[in-house]
Amino acid sequence: MAEYLDIIREYDVLGAFWVNIQLAFWAAIFSLVLGTLLALLRISPVGSLRWAGSAYVTVFRNTPLTIIMVFMVLGAWGQLQLTLSSDFNVNFFWLAVVALTVYHAAFVCEAIRSGVNTVPVGQAEAARSIGLSFLPAARMIILPQAFRGAVAPLGNVLIALIKNTTVAAAASVATETSSVMKTMIEFRPDYIYAIFFTFAIGYVILVTPVGVLTTSLSRRLAVAR
Amino acid sequence: MSASVLFDAPGPRARRRILLGNVVGALVVAAGAAFVLTRLADKGQLDADLWLAAVDANAWTNYYIPGFLYTVRAAGAAIVGAGIFGLLFGLGRLASSRTVRIVCGAVVEFFRAVPVLLMMVFFWLLLANAGVPSPSYWGVVIALVLYNGSVVAELVRSGVHGLPRGQREAALSVGLTRGQSLRSVEVPQALVAMLPALVSQLVVVLKDSALGAIISYSELLQHARRLGSGEGNILQTLTVAALLFILINWGLTKLAERLSRTVRRTAGRTGTTAAGLDAGVGEGATAVAAEAPHGLTHGEGAGPGDPDRPARWD
């Protein structure tokens with residue numbers, strides 16, 4: 001037991017989780033912004049924008065995240081020399097954030113759109129009848145209510161995002177959990193079960209509160225109708 | 001049709017503005033595409049021979065098709081396994097014994113919370129250490145079975161909970177036991193109701209099978225990567241691989257949408273409520289979203305916000 005604790009300290013397991021939390025944090029913020037924009041495009045009266053929004057969602061929802069990650073590293077960075085930071089390793093971190101963002105933005109968009117569906121038609125009609133045009137109506141009437149209806153699906157997207165940060169391994173982020181776990185098992189195969197359960201329990205601890213919180217929030221925020 | 005209530009059927013002025021918006025929007029999209037394309041051209045990535053090498057006969061016969069077959073093999077085995085696992089544990093969560101319920105619940109919740117990649121890496125190294133042949137294949141399959149099996153288990157449970165109570169009462173009153181009623185009356189109906197959700201889960205399995213590339217399982221992505229690094233056209237081969245995935249998954253998504261419309265129609269007759277199912281395993285507010293309260297969700301995009309399956313991840 002004592003020896004196992006030494007291994008955990010030696011390989012900085014907490015540090016690995018911290019990297020994943022940071023990945024999730026930035027990707028969550030960026031994909032929330034991008035996803036909201038996409039949702040706006042998809043409900044807008046302008047056909048070409050609707051088309052662009054749904055094309056984006058179709059493409060990124062159906063592409064494996066692993067391909068996007070590999071693409072960011074081998075394609076965008078390796079071939080097109082897209083560099084997001086002068087520091088070699090930090091650069092990979094941000095490439096992974098971009099990949100997570102573009103992928104999950106599609107799901108955020110769909111979650112918000114399902115939230116828009118919970119807003120009664122009457123609200124939109126009322127907004128129109130007091131003379132609001134599309135953008136003001138969306139900003140002041142529809143989206144605030146849509147977000148409240150979208151809490152539970154957004155929570156699911158966030159949980160998926162937290163778990164998907166492990167795929168950053170495909171983007172050469174060597175300090176995140178799945179890469180660290182692989183290294184640890186390779187060097188200490190005698191502790192393989194303990195190592196796996198340490199990381200697995202770590203995710204249970206990270207993910208469960210998010211699920212509980214968003215479920216209870218979605219109940220509390222649901223607009224009584 | 002436009003699926004929004006945010007604007008009226010446009011009058012002449014609004015039509016002009018929308019036309020203007022369309023032109024501007026199309027220009028913005030085109031400008032974005034042009035920017036990307038010129039940048040690619042600057043780097044010489046649009047050269048015809050790079051693209052031809054990514055789609056010629058050699059690429060297909062030696063890389064994409066074998067890679068795709070490996071993908072299908074792992075995904076197929078995972079689907080069968082996940083179905084069995086899901087049925088067993090879904091029934092377990094509905095069992096009359098409290099202990100069985102708790103154990104099955106704990107197992108399902110655990111495997112839903114752990115990232116698939118962690119499980120893949122674990123089983124891959126575990127089997128490799130144990131000297132099992134083709135450990136990366138089994139790593140992919142086992143991890144996918146455990147994760148997707150627990151999602152299916154949740155579907156079974158919420159499907160049964162979504163059935164009208166009368167179904168069970170009728171089964172019990174004709175003398176079936178609790179277990180018989182589950183097996184021969186409730187679960188079969190629940191399976192029909194969850195069919196669309198199951199099909200969209202196939203998309204998740206296919207997408208996640210690409211994780212196998214990380215643990216050196218030679219599936220489609222891995223083959224595309226090998227081809228691309230050999231020929232120096234990695235951007236192109238990855239694009240082809242991505243397109244293949246997108247086409248298949250898009251087809252499956254469409255199939256799921258069609259099935260969900262059919263099931264909703266049938267459900268209307270038999271009184272089975274499939275509703276909450278499409279929207280994230282019947283979790284409170286999502287069920288509300290799925291019901292599409294006021295018909296503003298016609299056509300594509302109706303109902304379920306997240307075909308990429310339920311509760312957790314895609």
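The structure displayed is predicted, hence computed values, not measured ones. Chain identifiers are assigned alphabetically (A, B, ...) following the order of the sequence lines, protein sequences preceding nucleic acid strands; residue numbering begins at 1 within each chain.
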To the closest 0.5 Å, what do you measure between [atom1] ([X]) and [atom2] ([Y])?
X	Y	atom1	atom2	value
B/Glu109	A/Thr208	CD	OG1	7.5 Å
B/Asn129	A/Glu186	CG	CD	9.0 Å
A/Met181	B/Leu125	CE	CG	7.0 Å
A/Ser48	B/Leu27	OG	CG	9.0 Å
B/Lys254	A/Thr58	NZ	OG1	7.0 Å
B/Leu220	A/Ile67	CG	CD1	6.5 Å

Margin query: Tell me which of these, B/Val29, B/Val28, B/Leu118, B/Thr239, has more heavy-atom pairs under 4.5 Å with chain A than the rest.
Written below: B/Leu118
Top of [options] for chain B proximity - count of heavy-atom pairs under 4.5 angstrom:
options	answer
A/Phe199, A/Phe60, A/Tyr193	A/Tyr193
A/Leu74, A/Ile201, A/Val57	A/Leu74
A/Ile185, A/Val151, A/Leu80, A/Leu49	A/Leu80

In the structure I gave you, are the side-chain heavy atoms of [X] and [Y] within less than 4.5 Å of one another anywhere?
X	Y	result
A/Phe71	B/Leu238	yes
B/Arg17	A/Phe134	no
A/Asn62	B/Phe245	no

Margin query: So for atom CH2, which belongs to B/Trp51, do other residues, nucleotides or ligands contribute more than 12 heavy atoms lying within a distance under 6.0 Å?
Written below: yes
Margin query: If you count every heavy atom of other residues, nucleotides or ligands that lies below 6.0 Å from B/Tyr70 atom OH, does the total exceed 12?
Written below: no
Which heavy atom of [X] sits nearest a heavy atom of [Y], and at what distance?
X	Y	result
A/Tyr203	B/Pro115	CG-CD, 3.4 Å
A/Gly75	B/Leu235	CA-CD2, 3.3 Å
B/Ile214	A/Ala169	CG2-CB, 4.4 Å

Item checked: Aromatic plane relationship, B/Phe123 with A/Phe196 - under 30° parallel, 30 to 60° tilted, over 60° perpendicular -> tilted
Check: Is there a side-chain contact (heavy atoms from CB on, under 4.5 Å) between B/Val114 and A/Lys163 once you walk through the steps?
Finding: CA-CA 7 Å; B/Val114 180; A/Lys163 296 197 301 172; over 6 Å; no
Next item on the list: With a 4.5 angstrom heavy-atom cut-off, could you sort out which part of A/Phe197 is near chain B: side chain, backbone, both or neither?
Entry: side chain
Item checked: Contacting region of A/Ala52 [heavy-atom separation from chain B under 4.5 Å] -> side chain
[X], part contacting chain A, at a heavy-atom distance under 4.5 Å:
X	answer
B/Gln45	side chain
B/Met120	neither
B/Ile246	both

Note to self: What verdict does the side-chain contact (heavy atoms from CB on, under 4.5 Å) test give for A/Lys182 and B/Trp124, after you've listed the backbone C-alpha separation in whole Å, the side-chain angles of each residue and the deciding distance to 0.1 Å?
What the structure shows: CA-CA 10 Å; A/Lys182 178 165 168 275; B/Trp124 170 47; 3.4 Å; yes
Notebook entry, point to check: Between the side chain of B/Asn22 and the main-chain N/O of A/Gly47, is any donor-acceptor distance below 3.5 Å?
Noted result: yes
Note to self: Taking A/Thr66's backbone N and O only, do any of them form a donor-acceptor pair with B/Lys207's side chain (distance below 3.5 Å, no angle check)?
What the structure shows: no
